[in-house]
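Following: one structure in structure tokens, then a few remarks.
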2 protein chains.
Amino acid sequence: MTNNQFKRGELYSFITGKASTAIARRLQKKFNTANLNLTIEQWSVLYHLWKQDGISQQELCNASYRDKPSITRLVDNLEKLQLVKRVSSESDRRMNLIYLTGRAQKLQDQTMELANETLLEALEGVSPDRIDVCREVLQIVYDNLK
Amino acid sequence: MTNNQFKRGELYSFITGKASTAIARRLQKKFNTANLNLTIEQWSVLYHLWKQDGISQQELCNASYRDKPSITRLVDNLEKLQLVKRVSSESDRRMNLIYLTGRAQKLQDQTMELANETLLEALEGVSPDRIDVCREVLQIVYDNLK
DNA sequence: TTTGGATAGTTGTATAAACAACTATATGAC
DNA sequence: GTCATATAGTTGTTTATACAACTATCCAAA
């Protein structure tokens with residue numbers, strides 16, 4: 001490594017996302033324990049639909065930083081689980097609008113509670129101002145690279 | 001969400017690892033542009049072997065936070081690319097010791113330089129002390145959950 | 001009105017992660 | 001020494017991501 005500005009472990013951790021992987025695994029375990037039969041990736045799609053129902057697959061791509069094939073297949077699987085429904089748009093027949101089913105609406109409170117619980121466990125012992133710094137840095141990183 | 005301690009975006013970003021995903025994607029693009037024909041995951045295995053060559057698959061599991069099947073298949077693919085070789089341990093025939101090939105040794109400087117460059121781009125405009133806070137928080141998160 | 005480019009979504013293929021079930025080898029209690 | 005148990009690694013299956021190639025639809029310029 002010609003430039004030694006970063007310590008080895010720091011470089012590795014930043015690139016591999018050790019911390020966020022650990023958070024996702026913990027939340028997945030909580031989902032499994034609660035017999036929700038839902039992946040974190042599926043949950044992250046529902047997350048955007050809970051904010052705004054009936055958006056297109058392309059809007060889900062933008063919101064979740066995934067490419068179109070990824071969303072196609074996530075929606076496929078969510079449809080199999082009867083959590084969403086594809087509805088062809090009246091105004092533009094190229095688009096599918098994705099709607100939550102009643103089943104999915106019922107999942108919101110429970111899963112958000114588990115996600116919140118996971119974050120509380122993850123950030124235990126970290127002061128709010130340090131969390132703020134961390135959040136801001138990660139936002140800058142994302143903005144720098146997107 | 002019954003507990004409103006976390007802002008929505010914060011919750012989502014922490015759990016989905018938006019920032020580290022962006023870093024990994026940027027580094028992958030640099031690998032592709034340089035025609036390295038190497039995935040970030042494969043690189044992360046080589047990373048540990050550059051630190052210490054000839055360790056077992058189990059040790060690679062521990063170092064890289066992956067389960068055994070994941071390492072089996074990553075080593076499979078690295079072997080196909082002729083970047084590592086499995087050598088059955090003399091003292092314990094259950095173990096495979098993984099050794100870098102000459103080809104893999106030659107990749108170290110170039111890829112570490114690209115990784116370092118990626119981090120510099122990612123952290124542009126962030127002061128060193130804020131990077132430190134972020135690194136410490138992420139380490140605590142990992143320790144809290146592992 | 002035709003046509004060419006842009007946009008929305010799908011499909012194919014390769015790589016990877018998680019989990020369960022499996023084989024082979026080592027080790028310790030008896 | 002034998003056997004139960006633990007450890008190292010592999011294989012099968014499902015889900016997800018990335019990239020390329022594809023279809024269908026829309027729209028705007030000629």
Side-chain angles (χ1 to χ4, degrees), chain A residues 16-18 20-33 35-46 55-81 83-84 86-98, chain B residues 16-18 20-22 24-33 35-45 55-81 83-84 86-98:
Chain A
T16 60
K18 231 173 59 170
S20 58
T21 303
I23 293 175
R25 282 180 184 160
R26 173 65 62 98
L27 180 55
Q28 183 68 67
K29 277 206 181 109
K30 285 180 192 288
F31 284 2
N32 295 346
T33 301
N35 286 313
L36 292 180
N37 188 29
L38 189 71
T39 68
I40 299 304
E41 292 82 4
Q42 290 163 359
W43 173 81
S44 80
V45 171
L46 297 183
I55 61 180
S56 69
Q57 295 188 198
Q58 184 57 54
E59 286 171 306
L60 282 173
C61 293
N62 301 339
S64 67
Y65 324 111
R66 291 183 171 90
D67 66 0
K68 290 192 289 184
S70 296
I71 290 296
T72 292
R73 277 139 185 164
L74 279 170
V75 172
D76 285 349
N77 286 333
L78 285 167
E79 237 181 359
K80 275 185 216 150
L81 293 168
L83 292 171
V84 304
R86 281 181 169 95
V87 177
S88 203
S89 166
E90 295 284 316
S91 61
D92 184 342
R93 285 189 299 156
R94 290 172 304 179
M95 284 200 291
N96 293 330
L97 304 182
I98 311 302
Chain B
T16 59
K18 228 173 60 169
S20 58
T21 303
R25 282 179 184 162
R26 173 65 62 98
L27 180 55
Q28 183 68 67
K29 278 206 180 111
K30 285 181 192 287
F31 283 2
N32 295 347
T33 301
N35 287 311
L36 291 181
N37 189 28
L38 189 71
T39 68
I40 298 303
E41 293 82 5
Q42 291 163 358
W43 173 81
S44 79
V45 171
I55 61 180
S56 70
Q57 294 188 199
Q58 184 57 57
E59 286 171 305
L60 281 173
C61 292
N62 301 339
S64 67
Y65 324 109
R66 291 183 171 91
D67 66 359
K68 290 193 288 184
S70 295
I71 289 296
T72 292
R73 276 138 185 165
L74 279 170
V75 172
D76 285 348
N77 285 333
L78 285 167
E79 238 180 356
K80 276 185 215 150
L81 293 168
L83 292 172
V84 304
R86 280 180 170 94
V87 177
S88 204
S89 166
E90 295 283 316
S91 61
D92 185 341
R93 285 188 298 159
R94 289 172 303 180
M95 283 200 291
N96 293 332
L97 305 182
I98 311 301

Counting any heavy atom closer than 4.0 Å, what does [X] reach on the DNA or RNA strands: base, sugar-phosphate only, or nothing?
X	result
A/Ile71	nothing
B/Ser89	nothing
B/Asp67	base

Is the distance from OP1 or OP2 of [N] to the nearest side-chain N or O of [X] less than 4.0 Å?
X	N	result
A/Gln28	D/dT15	no
B/Arg93	C/dT23	no
B/Thr72	D/dT11	no
B/Asn32	D/dA18	no
B/Thr39	C/dA16	yes
B/Arg25	D/dA18	yes

Quick check: on DNA chain D, is the nucleotide nearest A/Asn77 upstream (toward 5') of the one nearest A/Ser91, or the reverse? Name the residue that is more 5'. A/Asn77
Report the residue (A/Arg94 or B/Gln57) whose heavy-atom-nearest nucleotide on DNA chain D is the more 5′ of the two.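 Final value for this comparison: B/Gln57.
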Answer yes or no: is there a side-chain heavy-atom contact under 4.5 Å between [X] and [Y]?
X	Y	answer
A/Leu81	A/Gln42	yes
A/Glu41	A/Ser70	no
A/Trp43	A/Leu27	yes
A/Val84	A/Leu46	yes

In whole Å, what is the span from the [atom1] atom of [X] to the [atom2] atom of [N]?
X	N	atom1	atom2	result
A/Asn62	C/dT7	CG	C1'	12 Å
B/Leu97	C/dT25	CG	C1'	14 Å
A/Leu74	D/dT17	CG	C1'	9 Å
A/Ile40	D/dT17	CD1	C1'	16 Å
A/Asn96	C/dG9	CG	C1'	7 Å
B/Lys68	C/dT23	NZ	P	15 Å
A/Lys80	D/dT14	NZ	P	10 Å
B/Glu90	C/dT25	CD	P	14 Å

What pair of heavy atoms forms the shortest contact from B/Thr39 to B/Gln28, and how long is it?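 The answer is CA-OE1, 3.4 Å.
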Earlier contact from the 5' end, DNA chain C, for B/Arg73 and A/Asp92: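 Taking each residue's closest nucleotide, the earlier one in sequence belongs to A/Asp92.
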Nearest-nucleotide wise, let me know which of A/Glu59 and A/Lys29 is further upstream toward the 5' end of DNA chain C. A/Glu59
Out of D/dG9, D/dT11, C/dT15, whichever nucleotide has its closest atom nearest the side chain of B/Ser56: D/dG9
Name the closest nucleotide to the B/Arg66 side chain, picking from C/dA8, C/dA17, D/dT17. C/dA17
Should the pair A/Arg86-A/Asp76 be classified as a salt bridge under the 4.0 Å nitrogen-to-oxygen rule? yes
